[in-house]
Amino acid sequence: MKKYLTEIFNKAAMKLSYLSEIDYSFDTPKSDEHGDLSCNAAMMLSKRLKKNPRQIADEIISNLDVDEDVIEKVEIAGPGFINFFFSHNYKAQIVNQILKEKSNFGRSNKHKGQKANVEFVSANPTGPLTVGHGWGAVVGDTVANMLESIGYTVEREYYFNNAGRQMRVLGDSVKLRYLELLGNKIDYPEDYYQGEYIKDIAVKLHDKFGDKLTEEDPEGKFKEKAEEEIFNEIKDTLSRLNITFDSFFNEYSLYEDSKIEELLSMFEEKGLSYKKDDALWMKFSELGVAEDKVIVKATGEPTYRLPDIAYHKTKFDRNYDLMVDLFGSDHTATYPDVLAGLRAIDLDSDKVKVLIHQFVTILEDGEVIKMSTRKANYITLDQLIDDVGSDVVRYFFNMRNISSHMNFDLTLAKKQSDENPVFYLQYAHARICSIIRTVAEEKIKSSVKNLNLLLEEEEKQLINKLNQYEDEILVAAENFEPHRICTYLQELATAFHKFYTFRRILGSEKKLAEARMALAEATKTVLQNGLGILGVSAPKRM
RNA sequence: GCGCCCAUAGUUCAACUGGAUAGAACGUCGGAUUCCGGUUCCGGAGGUUGGAGGUUCGAGUCCUCCUGGGCGUACCA
């Protein structure tokens with residue numbers, strides 16, 4: 001529908017040049033009294049043209065070449081909205097389109113030929129993933145799915161720092177637990193990793209090497225084994241959520257490939273770095289950031305900023321049109337430095353879209369479960385998946401706007417009932433599958449020949465919802481907002497359930513039954529496609 | 001102190017990048033099933049969008065200030 005309006009407006013703009021000077025839009029009104037789509041152009045122009053918006057609206061309408069078979073009514077309403085009412089026949093054809101395009105329905109080629117990189121999770125392998133990582137993991141993967149559905153070729157990437165202090169402490173922690181295992185009395189420092197998994201790794205090393213590692217460097221086998229073990233566990237957890245990565249990029253390779261040195265000399269050439277107190281500082285204050293920061297410590301070791309900038313530079317070198325970074329709000333202070341660093345070497349930081357999710361609070365029986373990583377007192381993502389299953393985890397993390405703080409209601413999530421929004425959606429899909437099975441026995445086939453018979457209110461509402469899908473996907477994807485899809489699918493499921501309650505397939509006149517069947521099948525396809533993007537299964541039976 | 005995020009119905013959240021009468025789910029109260037899956041559907045009650053100003057045709061959305069919460073504010077990542 002939007003496509004159609006865009007076309008006739010573009011044609012009209014050749015006569016009314018002012019139309020191409022503003023950024024007007026077509027929106028779906030909240031109330032259907034206001035039509036299927038509404039245009040705000042006249043109101044936006046009223047100041048510029050110093051004319052009454054309704055008068056402008058009138059002028060626009062008289063210059064539109066409207067096909068009456070497509071749009072049956074255009075009216076000016078309120079302060080100057082132009083409301084378009086599409087014909088029922090035109091809207092009903094969406095059913096035909098859906099059944100033809102099947103799993104491709106809703107995909108667009110708007111960004112065809114463009115490459116995107118989505119970096120997410122990126123947790124350092126120092127321990128199991130927590131529920132907080134879960135949010136980033138699910139949303140990152142869903143954002144990648146959405147981008148694919150609007151034409152991008154997407155690479156999913158996981159970046160981790162294996163050259164810094166955190167990994168050193170990890171090696172130290174494992175070694176100490178190993179020594180403890182050998183009967184040494186140890187004093188385990190508070191800032192070492194506290195979890196039981198450290199002991200498990202020590203045990204594995206002990207099983208394999210006995211007491212031969214007492215002289216081993218913590219950064220040797222201890223760190224290596226820990227990284228390997230923990231990474232495997234992280235990958236296993238993610239794969240339970242159907243999340244896999246195309247590439248794992250590690251910080252160490254930036255040193256091996258001299259990317260750090262290259263970057264340092266670029267900064268130096270541009271006069272953007274200077275020595276002070278034995279450290280190397282970056283002139284961030286000249287790059288739109290409040291103050292200068294250290295990029296190489298007095299010890300000669302870079303701070304995280306330098307490799308982070310170098311890493312992002314490799315993304316530019318790899319020619320992505322869009323780079324998405326997703327991380328938790330505890331990193332909120334770091335990204336402006338990275339973006340400034342990229343601009344400093346003349347890269348277009350607007351191509352980097354930084355998404356930050358807030359913290360997750362877990363609620364059980366109305367009580368907040370307090371978590372502390374340092375004390376290893378947290379719910380792991382694995383435990384959460386054990387408790388509620390992958391579908392619920394994915395749906396719950398997708399259904400909230402990431403910029404809000406989230407309350408994850410464990411009690412609700414565990415319920416396999418109508419209180420749980422996931423089941424409402426899945427039930428709608430399973431119900432349609434069941435109808436298809438039943439109806440097949442009655443030898444009724446779906447047909448798109450008589451869609452114009454679908455004139456009942458519930459049928460019209462459902463058709464309207466189906467018409468909105470393509471646009472919802474596009475808006476959700478371009479805004480990086482998976483929760484929009486959840487909201488839409490809930491509305492679609494509701495529209496279907498209402499249709500089902502009042503309009504029967506069996507027992508209706510043949511042509512009508514066939515048309516209704518087609519409508520139900522189209523709904524099933526859209527539910528399936530939408531759930532697919534969210535990474536939630538669409539069960540045939542429940 | 002400073003920076004970023006948040007505050008909408010009893011609760012959890014929407015509101016299409018400033019649009020028309022602020023919506024939905026859960027909860028609550030009251031209804032619907034001889035019939036393709038009742039894990040469903042219909043209806044009622046429930047709001048000064050944290051507060052105060054401002055910008056304009058129009059503000060939950062933008063600006064300023066205030067209140068209350070979260071996350072940061074390292075030569076940790």
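Partners of A/F423 under the ring-ring contact (aromatic ring centres under 6.0 Å, His included) rule, at least two apart in sequence or in another chain, do not exist in this structure. Take A/N450 and apply the side chain to side chain donor-acceptor pair (under 3.5 Å) test, not counting sequence neighbours, and it matches no residue. The salt bridge (charged side-chain N to carboxylate O under 4.0 Å, His left out) check on A/E286 picks up nothing, with sequence neighbours excluded. Among residues two or more places apart in sequence or in another chain, the salt bridge (charged side-chain N to carboxylate O under 4.0 Å, His left out) test is passed with A/R54 by none.
For the P atom pair drawn from B/rG69 and B/rU61, the interatomic distance equals 22 Å after rounding to whole Å. Distance check on atom C1': B/rC6 versus B/rU49 gives 14 Å, rounded to whole Å. Annotation: B/rG70 and B/rU12 have their P atoms spaced 16 Å apart (nearest Å). Between the C1' atoms of B/rG46 and B/rC26, the separation comes to 14 Å (whole Å). Atom C1' of B/rU64 sits at a distance of 11 Å from the matching atom of B/rU55, rounded to the whole Å.
Checking side-chain atoms of A/E364 against main-chain N and O of A/I369 turns up no donor-acceptor pair under 3.5 Å. Under the 3.5 Å distance criterion, the side-chain polar atoms of A/Q194 are matched with a main-chain donor or acceptor of A/E190.
Note on A/A77: a base of the nucleic acid sits closer than 4.0 angstrom, heavy atoms only. Using a 4.0 Å heavy-atom distance criterion, A/A520 is classed as making no nucleic acid contact. If you check every strand for non-hydrogen atoms under 4.0 Å, A/T334 touches a base. Across all strands shown, A/N83 has heavy atoms under 4.0 Å from base atoms, whether or not it also approaches the sugar-phosphate. Counting any heavy atom pair closer than 4.0 Å across all strands shown, A/D277 reaches a base atom. Backbone-only engagement by A/R484 is indicated by non-hydrogen atom pairs under 4.0 Å involving sugar-phosphate atoms exclusively. Base contact: A/H34 has a heavy atom under 4.0 Å from a base atom. Across all strands shown, A/R503 has heavy atoms under 4.0 Å from base atoms, whether or not it also approaches the sugar-phosphate. When heavy atoms are screened at a 4.0 angstrom cut-off, A/E33 is found touching base atoms of the nucleic acid. Residue A/M406 is classed as a sugar-phosphate contact, given heavy-atom separations below 4.0 Å to backbone atoms only. Residue contacts shown for A/Y500 include a base, since a base heavy atom lies under 4.0 Å away. If you check every strand for non-hydrogen atoms under 4.0 Å, A/T299 touches nothing. A/P79 comes within 4.0 angstrom of a nucleotide base, judged by non-hydrogen atoms across all strands. Residue A/S434 is classed as a base contact, given a heavy-atom separation below 4.0 Å to a base.
Evaluation of atom-type donor-acceptor distances gives no pair under 3.5 Å for the side chain of A/T303 against the base of B/rA77. The base of B/rG72 does not come close enough to the side chain of A/H331 for any donor and acceptor atom to sit less than 3.5 Å apart.
Taking the six-membered ring where the residue is Trp, A/F248 and A/F231 present perpendicular rings, their angle passing 60° and hence far from 30°. Below 30°, between 30° and 60°, or above 60°: for A/F26 and A/Y24 the angle between ring planes is above 60°, a perpendicular geometry.
Of all heavy-atom pairs spanning A/A123 and A/Y158, the tightest one is O-OH, 2.6 Å.
Residue A/K297 has its side chain nearest to B/rC75 when only B/rG19, B/rC75, B/rG38 are considered. Of the listed nucleotides (B/rG37, B/rG3, B/rA77), B/rG3 has the atom at the smallest distance from the side chain of A/T332. Checked against B/rC76, B/rC36, B/rC5, the side chain of A/R504 finds its nearest nucleotide in B/rC36. In this structure, of B/rA20, B/rA77, B/rU17, it is B/rA77 that holds the atom nearest to the side chain of A/Y304. Of the candidate nucleotides B/rC75, B/rC5, B/rU39, B/rC5 has the atom lying nearest to any side-chain atom of A/S403. For A/N40, the side-chain atoms get nearest to B/rG19 when compared with the rest of B/rG19, B/rU12, B/rC36. In this structure, of B/rC36, B/rA77, B/rC5, it is B/rA77 that holds the atom nearest to the side chain of A/N124. Among B/rC76, B/rC36, B/rG70, the nucleotide with an atom closest to any side-chain atom of A/H405 is B/rG70. Taking every side-chain heavy atom of A/N407 into account, B/rU12 is the closest of B/rC36, B/rU12, B/rG70.
Stacking here means ring centres nearer than 5.5 Å and ring planes tilted less than 30 degrees, and by that measure A/F81 stacks onto B/rA20.
The CE atom of A/M399 sits 12 Å away from the C1' atom of B/rA24 (whole-angstrom rounding).
Contact between the side-chain N/O atoms of A/K30 and the OP1/OP2 oxygens of B/rU21 is not found at any separation under 4.0 Å. Residue A/R305 places none of its side-chain N or O atoms closer than 4.0 Å to OP1 or OP2 of B/rA74.
Applying the salt bridge (charged side-chain N to carboxylate O under 4.0 Å, His left out) test to residues at least two apart or on different chains, the pairs with a partner in residues 294-312 of chain A are A/R168-A/E301, A/K297-A/E301, A/R305-A/D337.
When each of A/E478 and A/H497 is assigned the nucleotide of RNA chain B with its nearest heavy atom, A/E478 is the one assigned upstream, toward the 5' end.
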Represent RNA chain B in dot-bracket notation, 5' to 3'. Only Watson-Crick or G-U wobble pairs with both distances under 3.5 Å count; pseudoknot-style crossings use [ ] and interstrand partners use |. (((((.(..((((.....[...)))).(((((.......))))).....(((((..]....)))))).)))))....
